[in-house]
Amino acid sequence: MSIQYFLELAGTGFFALSGATVANQKSKPDWFGVTFIGFITSIGGGSIRDMLLGAYPLSWVADVNRIYVIIVAIVLTSVFYNQFSKLRKTFFLFDSLGIALFTILGTEKALLYHVTPLVAAIMGMFSAIMGGVMRDVLTNEVPVIFRKEIYATACLIGAAIYLLLLQLDINRNVSLIASSLVILIIRIIAVRYKLSLPQFKREK
Amino acid sequence: MSIQYFLELAGTGFFALSGATVANQKSKPDWFGVTFIGFITSIGGGSIRDMLLGAYPLSWVADVNRIYVIIVAIVLTSVFYNQFSKLRKTFFLFDSLGIALFTILGTEKALLYHVTPLVAAIMGMFSAIMGGVMRDVLTNEVPVIFRKEIYATACLIGAAIYLLLLQLDINRNVSLIASSLVILIIRIIAVRYKLSLPQFKREK
Amino acid sequence: MSIQYFLELAGTGFFALSGATVANQKSKPDWFGVTFIGFITSIGGGSIRDMLLGAYPLSWVADVNRIYVIIVAIVLTSVFYNQFSKLRKTFFLFDSLGIALFTILGTEKALLYHVTPLVAAIMGMFSAIMGGVMRDVLTNEVPVIFRKEIYATACLIGAAIYLLLLQLDINRNVSLIASSLVILIIRIIAVRYKLSLPQFKREK
C-alpha cells in the first residue's frame, strides 16, 4: 500500500467522522441518517468531481476499501463520541490535512482528463469542499464554506501553487507536499487570527 | 410488455403521485412546482444511480413511457386529491412495494457494471430513496429517511438478501420476489410497531 | 466568434451576475460564497443537462472562456452593485433573454444525443432553470420557480415550438429566434399582468 493511498483512506475516514459528528449535532438523525450523511460527506466531493469529468468508475465504486473505512470511522465516532468532542484542535488539524490532500489529488486527477489548469484547480477545490456542501444541504443549513474562515479559497490557492510547481518541472511528490502545506498553513493562520474573506456587499 | 416492466412503470407512477402529494402539503407550489417535484421524486433515485455508475442513457431518457406515466399520475393526483388523502394505508402499501421493487432492480442494474456486492446494495438503496431525498431538499425539509421508521435500512437488508440468494444460484425471479417481500415485511412491521433505528448519540 | 457563441457567453455572464446578486441579498455570504453561488447558477443548468445526457466534456470544462466571463461578471457585480439594483427592468429583460436562449440551445444539444422530443424539451428547460434551483437550494430557500410567474412553463412551451418548427423544416436560425421570442413574450406578459399558474390543490 503506497503512502498516498494510505493518506487517501485516512482522509476518507476522517471526512466520514467529521460529517457524522456535524450531522449528529445539527439535526439528531437516527443511526442510518448519521451514517448516510457521513458517507456523503466523505465521498461526495470526489463523486461530484468524477461525474463532472466523466471519470468512470468513481473511486468508491471501484475500491470497496473506502466504504469499509467509512463504516469503521462511523462506528468509532459512535463509540468515542464524547472523547472526540473534546479534541477540537486535533480535529481541526485532521480536517485541514484532509482538505489539503483531497484538493491536490483532485487537481491531479482532473489533469488526467486534459482540462485547463483553471478547471483543474476548480475540480481540486470541489473534491475537498463538495462533500461538506452536500452535508449542509442535507441537514438544511446554509453551507458553512460561505461564511467560514478562508476555507475553499485556501484550496484554490494550494491548487494554483501545485499547478505552478508542476509547470516548473518540480518533482511531483515535492509539489504535492509543498502545496498541501500551503493550504494547511493558510487554514491555521486564518483560524488562529480569525481571518475571513470580506463580505461581498452590504445592502444599504 | 413483461410483468417486470409493468411493475417498473407502476412504481414510477406511484412515486410521482406520492412526490406530488407531499410537495403540495409542504410548500404549496403551483402546478409546475408540483409536477417538477413529482417528476424528480420519481426519476431521481434511478438517475443518481445511473449517473454514479456512468450507465448512459438514463432509463427515463431512453424510455419516454416513463414520462407519460408520470404525467398521468400527476393529473390523477390533482383530480382525486381528496380521495387519495383518505387512503393512507393503501398508499403506504404502494410506497413500500415501490421502494422494494426499485431497490432490487437497482441492485441488479448495478451488477451489470461489475461492481462489488456492497456497492450494488448501496446503488439499490439509492435507487429507492434518493428521489425522496431530493424531494425533501427541494421543499426545504430535512430528509424524512433520516428519522422515519426503518426505511433505507430495510432496502439495504433486502438488497443483501437478494445478493445472497443470487450467490446461492437461486432462480432470479424467486430471488427478486423473496427479497422484495423482505423489504415489504420489514416496513410493515416497523410502521405497525413504530420501530425506529436508535438515535446516533445524544449530546449531553 | 459566431453570434451564437457570443450570446451564450453573454447569457453565462448574466446568469452569474444574477446568481451573485440574489445570493448576496439572501444570506450575506462572503466573497467566496457569492462567487461560488454565481458560478453554480451560471453553469449549473448546463452541467445537469450534460450529466443527464452523458455529454462529456461539459461545456465549461472544455471552454475556459465561460469561466473568465463568470469571474468578470462577478467583479462587475461587486463594483456596480448599487447601480445594478436600480436596474430591475433591464435585469428582468436580460434574465428572460438568458433563459430563452439557454432553453433553445439546451434543447438543441439534447437532440444531438438522439433523445425523443419530449426529453429534449425537458433537457432544454433544465438548462435554463436548474442553475437557479441549485442557487436557491444552496441559500436554503424553496426554489422560486415553484411559485414565480410562469417561468419554467414558458421554457417548455418555447422548446415545444422550436421542436415543431424544426419538424416543419423551418430554417434553424429562424426557429431559434422565433421560439426564443415566444419564451420572452410569455415572460413579459406573465410579469406585466402578474399571471401565475394555478396552485395545485389547496388542503381543506
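The analysis underlying the following values was restricted to heavy atoms, covering all of them including side chains, and did not include hydrogens, waters or symmetry mates. Below, chains carry the letters A, B, ... as their sequence lines are ordered, and counting in each starts from 1. Source: prediction; values computed, not measured.
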Heavy-atom distance under 4.5 Å to chain A: side chain of C:I40, backbone, both or neither?
side chain
Under 4.5 Å heavy-atom distance to chain A, tell me which part of C:F36 shows up: side chain, backbone, both or neither.
side chain
Heavy-atom cut-off 4.5 Å, strictly under: side chain, backbone, both or neither for C:V34 against chain A?
side chain
Please test A:F15 against A:F102 for ring pair (Phe, Tyr, Trp, His ring centres under 6.0 Å), starting from the C-alpha separation and ending with a verdict.
CA-CA 10 Å; A:F15 271 39; A:F102 275 40; 4.6 Å; yes
Pick one of side chain, backbone, both or neither for A:I150, based on which atoms fall under 4.5 Å of a heavy atom in chain C.
neither
What orientation do A:W60 and A:F39 show, parallel under 30°, tilted 30 to 60°, or perpendicular over 60°?
perpendicular
Heavy-atom pairs under 4.5 Å with chain C - which of A:N140, A:V115, A:T153 has more of them than the others?
A:N140
Heavy-atom contact with chain C under 4.5 Å, split by part of A:L52
both
Between A:Y151 and C:D30, is any side-chain donor less than 3.5 angstrom from a side-chain acceptor?
no
Salt-bridge criterion met for C:E8 and C:R66 (N-O under 4.0 Å)
yes
Please answer whether the main-chain N or O of A:T12 pairs with a side-chain N or O of A:S42 as donor and acceptor at a distance below 3.5 Å.
yes
Would you tell me whether A:D50 and A:Y113 have side-chain atoms, one donor and one acceptor, within less than 3.5 Å of each other?
no
Who wins among C:I74, C:L58, C:V137 for the most heavy-atom pairs under 4.5 Å with chain A?
C:L58
